[in-house]
Amino acid sequence: MDHYDSQQTNDYMQPEEDWDRDLLLDPAWEKQQRKTFTAWCNSHLRKAGTQIENIEEDFRDGLKLMLLLEVISGERLAKPERGKMRVHKISNVNKALDFIASKGVKLVSIGAEEIVDGNVKMTLGMIWTIILRFAIQDISVEETSAKEGLLLWCQRKTAPYKNVNIQNFHISWKDGLGFCALIHRHRPELIDYGKLRKDDPLTNLNTAFDVAEKYLDIPKMLDAEDIVGTARPDEKAIMTYVSSFYHAFSGAQKAETAANRICKVLAVNQENERLMEDYEKLASDLLEWIRRTIPWLENRVPENTMHAMQQKLEDFRDYRRLHKPPKVQEKCQLEINFNTLQTKLRLSNRPAFMPSEGRMVSDINNAWGCLEQAEKGYEEWLLNEIRRLERLDHLAEKFRQKASIHEAWTDGKEAMLRQKDYETATLSEIKALLKKHEAFESDLAAHQDRVEQIAAIAQELNELDYYDSPSVNARCQRICDQWDNLGALTQKRREALERTEKLLETIDQLYLEYAKRAAPFNNWMEGAMEDLQDTFIVHTIEEIQGLTTAHEQFKATLPDADKERLAILGIHNEVSKIVQTYHVNMAGTNPYTTITPQEINGKWDHVRQLVPRRDQALMEEHARQQHNERLRKQFAAQANVIGPWIQTKMEEIGRISIEMHGTLEDQLSHLRQYEKSIVNYKPKIDQLEGDHQLIQEALIFDNKHTNYTMEHIRVGWEQLLTTIARTINEVENQILTRDAKGISQEQMNEFRASFNHFDRDHSGTLGPEEFKACLISLGYDIGNDPQKKTGMMDTDDFRACLISMGYNMGEAEFARIMSIVDPNRLGVVTFQAFIDFMSRETADTDTADQVMASFKILAGDKNYITVDELRRELPPDQAEYCIARMAPYTGPDAVPGALDYMSFSTALYGESDL
């Protein structure tokens with residue numbers, strides 16, 4: 001409490017003598033204080049549901065005084081005495097005065113007895129003390145407090161109002177404009193300040209007091225007449241009234257400031273939350289698209305037809321061309337948004353954003369990797385499935401043809417085998433039936449291979465999962481069951497004929513010979529027709545050439561077959577001749593066979609018709625394969641040129657980067673011409689892409705004419721573009737180094753020659769043995785430490801190289817050089833770092849001493865320079881730059897305005913601070 005005793009009392013407590021004199025000199029002040037202090041007390045007491053009417057009477061028992069102190073301090077005082085005796089009242093007042101004193105306020109000449117006795121002067125003095133302590137003392141404006149702080153606050157708030165001049169707390173307030181200005185400054189909608197007149201103080205005061213009471217909850221503490229009618233209004237009353245305005249407005253201002261701060265923080269948070277929501281939504285949508293797409297790509301359910309599978313392939317190409325590229329852009333934008341959000345969070349001191357589980361950038365990258373893996377597998381499956389369906393279609397057609405031929409052959413065979421014609425036949429007829437049956441058995445045996453082929457094809461269709469396997473199996477089963485039945489019926493009929501054969505001895509040998517020769521010939525023709533109508537599928541020119549060769553071999557057998565046909569027909573003609581010659585009564589046709597000459601001739605004609613058709617089919621397929629072969633050779637011819645061309649250009653660029661032909665600008669021009677020639681080569685790459693597309697559309701899967709694939713060419717082309725751009729950039733950097741360091745072209749050539757001399761394999765790097773030879777030739781003894789083929793020097797190698805070139809290599813000097821060429825302490829020196837170091841060591845660069853000497857010339861050989869001299873000798877912008885940064889010269893010969901150009905020159909080269 002000593003702090004308040006020594007300081008605060010002096011700040012806002014007037015001496016008691018001033019109090020007495022004020023009251024005696026102007027009793028009107030007492031009236032103003034009564035009214036103001038009473039209103040001030042009631043503004044607080046009404047919060048406790050009570051008030052006072054007479055200030056000197058209502059505080060005599062101390063109860064309302066204690067209540068007032070509890071309300072304005074927010075603290076609980078000691079329990080009051082409830083008795084009516086004087087001693088109880090004095091006790092209560094003393095408790096109130098003790099509480100005031102505990103707040104650091106020194107009460108001078110104010111005792112409990114005077115308050116209990118209703119001493120007006122003491123009561124008003126006590127209330128003023130309370131007002132000072134609890135309403136005015138805490139006011140602080142720019143390191144001023146209490147009365148001075150309140151006065152400064154009033155001056156600041158009324159400064160914009162020209163007809164208001166607040167200098168004190170009495171006459172400055174008489175015209176009422178000060179009160180109106182305070183209200184208008186904070187609540188301009190409450191007062192029309194432009195209509196107020198300085199010569200109408202009563203209206204001004206009443207307007208301010210009424211508005212304050214109605215809208216600001218400030219009770220009316222004074223009457224306008226009291227202020228206007230007094231030469232000098234009471235200072236304490238005015239201070240009390242004004243302090244109420246301060247507290248009303250300062251609270252609103254603090255609330256507004258706090259609200260603005262909260263709004264700013266919330267705006268940042270809302271923006272960050274929006275970015276987070278955008279990221280979450282974009283990530284969720286992208287992951288959902290990946291989630292939906294991967295099952296589609298992993299769907300390996302095959303289609304039944306080639307058309308359906310080709311449609312799947314077309315859908316996949318649409319996905320690659322139309323659907324995936326926008327998602328690639330979304331993925332890139334997602335990573336950009338994530339990095340932007342993290343930067344904003346870091347700049348606003350917010351914690352880093354952690355996306356929902358499963359939505360991290362790494363999760364999206366992993367999901368994207370799974371998507372691309374599924375793409376690769378899906379494309380491979382599509383191509384394999386198309387090959388499988390192509391094979392299935394071929395086998396199914398072959399099965400149908402063979403089955404149809406076999407079913408046509410077996411048609412009626414069961415009915416024939418069930419005939420009982422031998423029961424009523426003559427002997428010759430029996431023998432004929434027996435021979436005919438033998439011929440049928442021969443024919444049946446000849447068809448055994450076809451039945452086995454049909455079963456084998458059906459089995460292969462089943463193994464390849466042919467979609468119509470049930471119908472194929474059913475048809476194959478019917479054929480096999482019928483074949484078994486034919487075998488059983490054939491055996492049964494033979495047994496019957498053999499039983500009858502003992503009774504019948506004559507048989508027509510001629511018919512028999514005809515039947516025996518006609519049956520295999522007929523089977524041969526049927527086989528030939530089947531082969532000639534058989535479909536084929538090939539992928540290479542060699543395969544179609546093989547089919548063509550086999551067909552030519554078949555055609556070579558036709559003359560012999562025609563002789564056999566004529567021979568068979570000759571047998572039949574011989575029978576007719578015998579019949580005509582001997583008038584043999586022929587009851588029917590040849591009993592040994594159902595093959596007639598007409599059938600043989602018809603089938604022979606059919607075979608002759610099928611041969612040119614087969615020729616045409618083979619020619620068309622041969623043309624298609626030749627076209628495919630031309631596509632292969634066309635692609636290979638370009639690929640075999642473009643591939644080596646790319647490799648040659650890569651090697652040429654490498655040689656240009658290490659050879660020294662002309663200046664660096666010449667090298668740069670040469671490289672740019674190379675770059676232009678490379679870019680002009682792009683149409684050939686595009687043409688190769690077109691040929692590659694034609695090969696894919698023709699379903700060509702291999703190419704024996706070249707080892708280059710389109711993927712190899714694409715990768716090589718991209719590497720070539722990257723290499724030429726990087727090499728151009730390296731030469732541009734060397735030009736920048738040369739120009740920045742001021743070295744000559746001859747010096748740059750010397751640096752490059754020193755390196756290239758030992759680069760005997762023209763690899764652009766020095767191997768261990770090459771580097772060792774280089775150092776030994778310079779006179780430095782090198783141990784047998786192994787070297788790495790990295791194109792860089794380690795610490796010991798670099799030291800040896802520098803010593804061989806004439807540098808004095810003490811430990812301190814070598815440490816300094818290493819700190820320049822190897823700032824990251826990696827223990828190696830790259831060629832570029834070596835060039836930079838040699839450039840720095842040999843370049844003709846300015847020094848601090850040279851700059852100081854130049855300034856001394858401008859200064860007329862003085863140790864300082866003036867502003868006028870700088871502006872006279874240097875361009876305006878550079879002169880102002882020096883003036884702004886040169887320190888004042890403080891030497892013994894200094895003159896006013898002298899500047900220190902020596903410290904400025906030293907600072908330019910980092911030897912001191914600017």
Side-chain angles (χ1 to χ4, degrees), residues 1 4-5 8-9 12-20 22-23 27 29-138 146 219 221-222 234 236-237 239-241 243-244 247:
M1 294 300 131
Y4 287 106
D5 294 343
Q8 296 297 330
T9 301
Y12 59 82
M13 288 295 292
Q14 293 185 358
E16 188 62 25
E17 292 77 13
D18 292 345
W19 181 275
D20 293 339
D22 289 345
L23 291 177
W29 288 4
E30 179 181 334
K31 177 183 177 182
Q32 294 178 13
Q33 289 184 14
R34 279 173 177 269
K35 187 175 294 185
T36 303
F37 292 178
T38 299
W40 184 86
C41 291
N42 284 334
S43 69
H44 293 287
L45 286 174
R46 68 184 179 186
K47 299 176 184 176
T50 186
Q51 63 179 8
I52 62 173
E53 298 294 339
N54 191 315
I55 196 167
E56 70 269 19
E57 290 296 331
D58 293 345
F59 284 140
R60 290 180 62 185
D61 60 2
L63 295 176
K64 288 188 177 180
L65 180 60
M66 295 179 68
L67 182 60
L68 174 64
L69 292 172
E70 288 184 347
V71 171
I72 62 178
S73 68
E75 301 180 19
R76 295 289 296 178
L77 275 66
K79 186 176 181 181
E81 301 287 345
R82 294 297 179 180
K84 302 295 185 180
M85 299 176 64
R86 177 179 176 83
V87 67
H88 295 146
K89 296 179 181 180
I90 291 174
S91 175
N92 288 338
V93 174
N94 276 328
K95 291 177 181 178
L97 296 177
D98 291 342
F99 179 78
I100 295 172
S102 70
K103 296 303 179 182
V105 180
K106 187 174 182 180
L107 299 171
V108 180
S109 302
I110 298 178
E113 291 79 2
E114 287 82 356
I115 304 302
V116 173
D117 291 340
N119 188 313
V120 177
K121 181 190 69 144
M122 293 302 175
T123 301
L124 292 175
M126 176 189 66
I127 296 303
W128 173 242
T129 301
I130 293 173
I131 292 172
L132 283 175
R133 173 60 183 85
F134 292 101
I136 299 177
Q137 175 186 330
D138 293 335
M221 299 182 182
L222 288 171
D234 180 58
K236 300 179 179 62
M239 284 181 63
T240 302
Y241 213 156
S243 69
S244 298
H247 289 295

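All residue numbers in this chain count up from 1 along the given sequence.
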Please lay out, stage by stage, how R86 and E113 fare under the test side chain to side chain contact (heavy atoms under 4.5 Å, CB included). CA-CA 9 Å; R86 177 179 176 83; E113 291 79 2; 3.8 Å; yes

Only counting residues at least two apart or in another chain, list the ones meeting salt bridge (charged side-chain N to carboxylate O under 4.0 Å, His left out) with E57.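 Scan of E57 (salt bridge (charged side-chain N to carboxylate O under 4.0 Å, His left out), adjacent residues dropped) gives R60.
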
Sequence neighbours left out, what passes salt bridge (charged side-chain N to carboxylate O under 4.0 Å, His left out) with R34? Give chain and number order.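 Listed in chain order: E30, E56.
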
Backbone N/O of K89 and side chain of D61: donor-acceptor pair under 3.5 Å: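 Not at all, since once roles are kept as given, no pair shorter than 3.5 Å links the two residues.
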
Does a side-chain heavy-atom distance below 4.5 Å link [X] with [Y]?
X    : Y    : answer
I72  : W40  : yes
F59  : I127 : yes
W128 : R133 : no
L65  : I130 : yes
M66  : F99  : no
L97  : M126 : yes

Can you name the closest pair of heavy atoms from C41 and L68 and give their distance?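 Heavy atoms of C41 and L68 come nearest at SG-CD2, 3.7 Å.
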
May I ask you to decide whether K35 forms a salt bridge with D234, counting only side-chain N to carboxylate O separations under 4.0 Å?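 Salt bridge absent between K35 and D234.
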
Flag the pair E75 and K103 as a salt bridge only when some basic side-chain nitrogen lies within less than 4.0 angstrom of an acidic carboxylate oxygen.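 Counted as a salt bridge, because a side-chain N and a carboxylate O are separated by less than 4.0 Å.
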
Suppose we screen for side chain to side chain contact (heavy atoms under 4.5 Å, CB included). Which residues come up paired with E114, at least two apart in sequence or across chains?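 N119, M122.
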
How about E81 and N92: does a side-chain donor come under 3.5 Å of a side-chain acceptor?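 No.
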
Atom OG1 of T50 and atom NZ of K64: how far apart are they, to the nearest 0.5 Å?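 Result: 3.5 Å between the selected atoms.
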
